[in-house]
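Report on one structure; see the data block that follows.
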Protein chains: 2
Amino acid sequence: MSEAVSQRDQQRERVITAAFELFAERGYEGTTVEAIADRAGVGRTTFFRMFRSKESVVFPAHDQLLAAIEARLTTARPGTEKVALSEASELVLEQYLHEGARARQRYALTREVEALRERERASIFQYERLFRRFIHQWWGGTPDTLLRAELAANAVVTAHNHVLRAWLRGDVGAEEARIWFRDVIAELDATLGWEPEPQTAKAAPDRSEAASTGMPNTGDGEGEPAVIVVRDAAQLERMLPTIRRMLR
Amino acid sequence: MSEAVSQRDQQRERVITAAFELFAERGYEGTTVEAIADRAGVGRTTFFRMFRSKESVVFPAHDQLLAAIEARLTTARPGTEKVALSEASELVLEQYLHEGARARQRYALTREVEALRERERASIFQYERLFRRFIHQWWGGTPDTLLRAELAANAVVTAHNHVLRAWLRGDVGAEEARIWFRDVIAELDATLGWEPEPQTAKAAPDRSEAASTGMPNTGDGEGEPAVIVVRDAAQLERMLPTIRRMLR
DNA sequence: ACCCGCGCGGTACGCAGTTCCATGATCACG
DNA sequence: CGTGATCATGGAACTGCGTACCGCGCGGGT
């Protein structure tokens with residue numbers, strides 16, 4: 001059984017290797033799927049059973065990585081969300097560092113083939129989506145925290161890609177990249193403010209404020225005016241998303 | 001001459017209309033390019049002369065919009081970068097609002113067709129790239145400002161898309177979207193800190209959430225709460241600039 | 001030895017996108 | 001007004017990706 005699995009993996013690896021060889025020799029667009037299958041000693045049909053498309057063979061570890069990220073994020077407990085997020089993003093970096101030369105060849109390919117660039121963006125977007133959902137749930141899953149969750153997830157992914165590209169270009173070594181990435185994440189952690197800033201972690205005081213005006217916050221009665229009481233401009237801005245939601 | 005140009009545009013518009021009609025009738029993947037060309041009364045070859053691909057016809061205004069953004073950004077002078085950036089991003093929003101129903105149909109299409117989602121991401125990435133380059137140059141174009149420029153550009157685009165999606169879903173009207181977007185940009189402006197180093201140290205002290213009793217108030221005396229009465233969400237959005245000014 | 005399941009390869013097909021060429025309209029010029 | 005050049009158009013043929021279908025052979029179980 002384990003032998004069978006191993007053989008499947010070996011076959012898969014042969015296809016990937018054949019593909020990267022041919023891409024290096026004739027370029028991506030100059031290589032047909034049939035040529036890859038021939039060199040790997042499999043049929044064209046089998047290629048498409050292993051990889052959804054010609055592009056997919058360039059990102060062979062994507063699905064597995066995505067699953068690993070999700071697994072790491074789901075182990076988070078209240079209070080450990082930040083470290084979970086940090087480590088999950090490090091998984092991506094580690095994956096690339098582990099792939100080594102192949103990651104760099106992929107970088108070369110993506111730089112010159114538009115279709116592969118698009119495909120890579122789609123991959124990145126999937127990581128980002130996991131992060132976004134995780135952060136959003138962490139912050140309560142309410143509509144008013146969604147934008148900030150999107151911004152935060154985006155910032156993490158952007159920072160990651162910044163460091164990753166430096167390594168892919170050879171500007172920094174693997175260990176430097178790891179350290180730099182931790183620094184960057186720490187910096188983001190400090191500058192983003194995460195929970196504190198404009199958002200409704202303090203839902204209770206918000207409600208009591210609304211109630212103190214005598215207007216039930218759940219009532220969306222038509223034509224009924226809403227009364228809002230704020231202390232200053234800053235509080236208004238903080239409460240705006242909530243106010244908008246309640247008025248909707 | 002102008003007549004010839006007009007005829008070309010009319011022909012192009014016929015093709016776009018035919019495409020959207022057929023996509024609505026048979027779905028995107030159920031529609032062949034030949035069918036689009038037939039309905040528009042042109043040859044298949046002509047279709048591919050007007051649009052690089054079947055996907056491109058779904059985003060017919062993209063190139064023009066990209067050029068408009070670049071044009072707006074290049075008019076920036078020292079000191080006017082922020083407003084240039086803000087207005088350039090508003091160009092994108094305005095483009096969608098202007099397209100109206102077609103933008104919403106595109107939204108429906110992109111939600112169900114993976115290829116179109118990828119394509120849209122590619123479009124967004126191009127806007128984001130313009131913003132990134134602009135911000136980076138603005139901040140000196142040195143390597144040490146690049147990451148922050150990437151983060152800033154990303155934040156602008158993410159915020160924009162957040163508001164845009166709300167309009168596309170019909171959650172807010174066009175005017176609300178405009179106002180909301182300006183608010184969001186203003187908020188980003190305040191929290192990102194832009195040029196200064198990575199910090200938001202401002203850390204507004206929001207302690208005394210305790211008792212904000214509804215005291216009617218006309219003056220802007222410090223510590224004194226303000227009472228706002230609005231009829232509905234739309235009125236709130238219309239009045240927001242005024243409210244902000246009074247609270248300042 | 002026989003049967004069953006299943007992965008594999010081969011074939012055929014649809015369709016996107018490209019290339020090449022013939023045709024017809026428009027325009028410049030004699 | 002006729003003639004030739006230019007250029008957009010449409011048609012035809014081709015490549016190659018991706019899918020559907022089918023038959024074969026290599027297991028493993030009884």
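In what follows, chains carry the letters A, B, and so on, assigned in the order in which the sequence lines appear, proteins first and then strands, with residues in each chain numbered from 1.
- Between dT9(D) and Gln11(B), a contact under 4.0 Å exists linking OP1 or OP2 to a side-chain N or O.
- Contact annotation for Thr32(A): backbone-only contact, meaning every heavy-atom pair under 4.0 Å involves sugar-phosphate atoms and none involves a base.
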Pair Trp180(B)-His162(B), ring pair (Phe, Tyr, Trp, His ring centres under 6.0 Å): steps then yes or no: CA-CA 10 Å; Trp180(B) 187 11; His162(B) 185 85; 5.7 Å; yes
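- Looking at heavy-atom distances under 4.0 Å, Gly41(A) makes contact with sugar-phosphate atoms alone, never a base.
- Between the C1' atom of dT18(C) and the NZ atom of Lys54(B) lies a distance of 17 Å, rounded to the nearest Å.
- Going from atom CD of Glu114(A) over to atom P of dA16(C) covers 20 Å, rounded to whole Å.
- In this pair, His160(B) and Tyr96(B) present their aromatic rings perpendicular. The plane angle is above 60°, beyond the 30 to 60° band.
- Of the charged side-chain nitrogens involved, none lies within less than 4.0 Å of a carboxylate oxygen, so that Glu90(A) and Arg178(A) do not count as a salt-bridged pair.
- Among the nucleotides dG10(D), dG17(C), dT9(D), the one closest to any side-chain atom of Arg8(B) is dT9(D).
- Atom CZ of Arg49(B) is separated from atom C1' of dG17(C) by 13 Å (rounded to the nearest Å).
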Ring pair (Phe, Tyr, Trp, His ring centres under 6.0 Å) between Phe47(B) and Phe51(B), worked out: CA-CA 6 Å; Phe47(B) 176 94; Phe51(B) 305 95; 5.5 Å; yes
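- If you take CE of Met50(B) and P of dA16(C), they are 16 Å apart, rounded to a whole angstrom.
- Phe51(A) has its CZ atom 15 Å from the P atom of dC17(D), to the nearest Å.
- Across the protein-nucleic acid pair, Asp38(B) atom CG and dT9(D) atom P stand 16 Å apart, rounded to whole Å.
- Taking 3.5 Å as the limit, the base of dT19(D) and the side chain of Arg44(A) contain a donor-acceptor pair of atoms between them.
- A donor-acceptor contact under 3.5 Å links the side chain of Thr45(B) to the base of dG11(D).
- When heavy atoms are screened at a 4.0 angstrom cut-off, Thr31(A) is found touching the sugar-phosphate backbone but no base atom.
- Environment of CZ in Arg52(A): sparse, with no more than 12 heavy atoms of neighbouring residues, nucleotides or ligands closer than 6.0 Å.
- In this structure, Phe48(B) places its CZ atom 14 Å from P of dG10(D), rounding to the nearest Å.
- Between Arg39(B) atom CZ and dG10(D) atom P the separation is 17 Å, expressed in whole Å.
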